[in-house]
Number of protein chains: 2
Amino acid sequence: MNEKVMGIGVVCELTGLSERQIRYYEERQLISPNRTQGRTRKYSFEDVEKIKEIQQKMMEGFNTFEIRQLAAKNRLKFKYSLI
Amino acid sequence: MNEKVMGIGVVCELTGLSERQIRYYEERQLISPNRTQGRTRKYSFEDVEKIKEIQQKMMEGFNTFEIRQLAAKNRLKFKYSLI
DNA sequence: CGTGTAAGGAATTCTGACACG
DNA sequence: CGTGTAAGGAATTCTGACACG
């Protein structure tokens with residue numbers, strides 16, 4: 001489910017993280033929610049899964065930059081595997 | 001997906017209906033969203049599908065009471081089919 | 001019956017900043 | 001670097017009511 005439908009409050013509940021943390025991960029370009037005409041962020045279940053992975057990596061000691069790198073590599077690996 | 005995660009604004013976009021219509025269908029007990037600690041309603045994708053069906057039935061000329069009856073019958077039929 | 005709307009309030013979310021470390 | 005927090009504002013949603021038909 002990659003439809004951007006939930007507000008940050010629901011994401012907090014689903015992940016157990018604070019709004020601050022979730023917005024920070026966006027600032028660090030680890031996730032990219034949509035915005036309504038106003039300014040409110042909308043997340044997908046896929047975003048929630050990403051956040052949970054970020055959460056996991058953070059606990060393993062990675063910093064946001066490294067997690068960003070890991071994500072990029074995985075996308076690349078996945079890309080080539082499609083050839 | 002029966003997780004109650006989206007606000008009424010998103011449901012309006014996904015169904016093309018107004019907030020008024022969606023709240024009215026709830027009043028008529030055709031759908032039952034959750035509520036946050038505050039009072040804001042939260043809907044699931046399943047609710048959205050239900051709303052689309054309601055929408056369809058309304059266009060076919062059924063009134064909310066009849067639609068409620070139809071839904072009840074279908075649940076009953078489904079229940080027995082499980083025996 | 002089903003839906004639109006203006007009204008006033010309450011809950012939700014937003015940004016930028018200061019703080020700690 | 002990653003996160004908490006108080007501050008003020010803006011967007012979102014809520015209820016009850018009046019209206020039309």
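From a predicted model like this one, the values you see are computed outputs, not experimental measurements. Note on naming: letters A, B, ... go to the chains in the order of the sequence lines (proteins, then strands), and numbering restarts at 1 for each one. Every heavy atom of this structure was used, including side-chain atoms; hydrogens, water molecules and symmetry mates were not.
Of the side-chain N and O atoms in R23(B), one or more sit less than 4.0 angstrom from OP1 or OP2 of dC14(D). Contact check, R35(B) against dA10(C): no side-chain N or O comes under 4.0 Å of OP1 or OP2. The side chain of Y25(B) contributes an N or O atom lying less than 4.0 Å from OP1 or OP2 of dT3(C). Remark: R39(B) is not in phosphate contact with dT13(D), judged by side-chain N or O atoms under 4.0 Å from OP1 or OP2. Note on T40(A): every side-chain N or O is 4.0 Å or more away from OP1 and OP2 of dT12(C).
Projected onto DNA chain D by closest heavy-atom contact, Q37(A) and F65(A) fall at different nucleotides, the more 5' of which corresponds to F65(A). Toward the 5′ end of DNA chain C lies the nearest nucleotide of F62(B), the other residue of the pair G9(A) and F62(B) mapping further downstream. Of the two residues contacting DNA chain C, namely S18(B) and G38(B), the nearest-nucleotide position lying further toward the 5' end is that of S18(B). Across the interface with DNA chain D, nearest-nucleotide mapping of K42(A) and M58(A) shows M58(A) to be the residue nearer the 5′ end.
Rounded to a whole Å, the CD atom of E27(A) is 10 Å from the P atom of dG16(C). If you take OH of Y43(A) and C1' of dC14(C), they are 11 Å apart, rounded to a whole angstrom. The distance between atom CZ of R20(A) and atom P of dT15(C), rounded to the nearest whole Å, is 11 Å. Atom-to-atom, CG of N63(A) to P of dT3(D) comes out at 11 Å; the value is rounded to the nearest Å. Atom CD1 of I51(B) is separated from atom P of dT3(C) by 12 Å (rounded to the nearest Å). Atoms CD (E19(B)) and C1' (dG2(C)) sit 16 Å apart, rounded to a whole Å. Look at CZ on R41(A): it is 12 Å from C1' on dT12(C), rounded to the nearest Å. Rounded to an integer number of Å, the gap from Y24(B) OH to dT15(D) P is 16 Å.
Comparing dT13(D), dT15(C), dT3(C) by their nearest atom to the side chain of I8(B) picks out dT13(D).
If you run side-chain contact (heavy atoms from CB on, under 4.5 Å) between V11(B) and each of I31(B), I22(B), L17(B), D47(B), only I22(B) comes through. Among R68(B), K57(B), M58(B), the single residue meeting the side-chain contact (heavy atoms from CB on, under 4.5 Å) criterion with L30(B) is R68(B).
Pair assignment for dC18(D): dG4(C), on the basis of Watson-Crick or G-U wobble contacts that are both within less than 3.5 Å. Across every strand in view, dT12(C) sits in a pair with dA10(D) that passes the Watson-Crick or G-U test at under 3.5 angstrom.
For the atom pair I51(A) CD1 and E46(A) CD, the distance stands at 11.5 Å (nearest 0.5 Å).
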_Stepwise salt bridge (Lys or Arg N to Asp or Glu O under 4.0 Å) test for E49(B) and K52(B)_ = CA-CA 5 Å; E49(B) 292 310 311; K52(B) 287 179 182 174; 3.8 Å; yes
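Side-chain contact between K4(A) and R35(A) is absent, with no heavy-atom pair separated by less than 4.5 Å.
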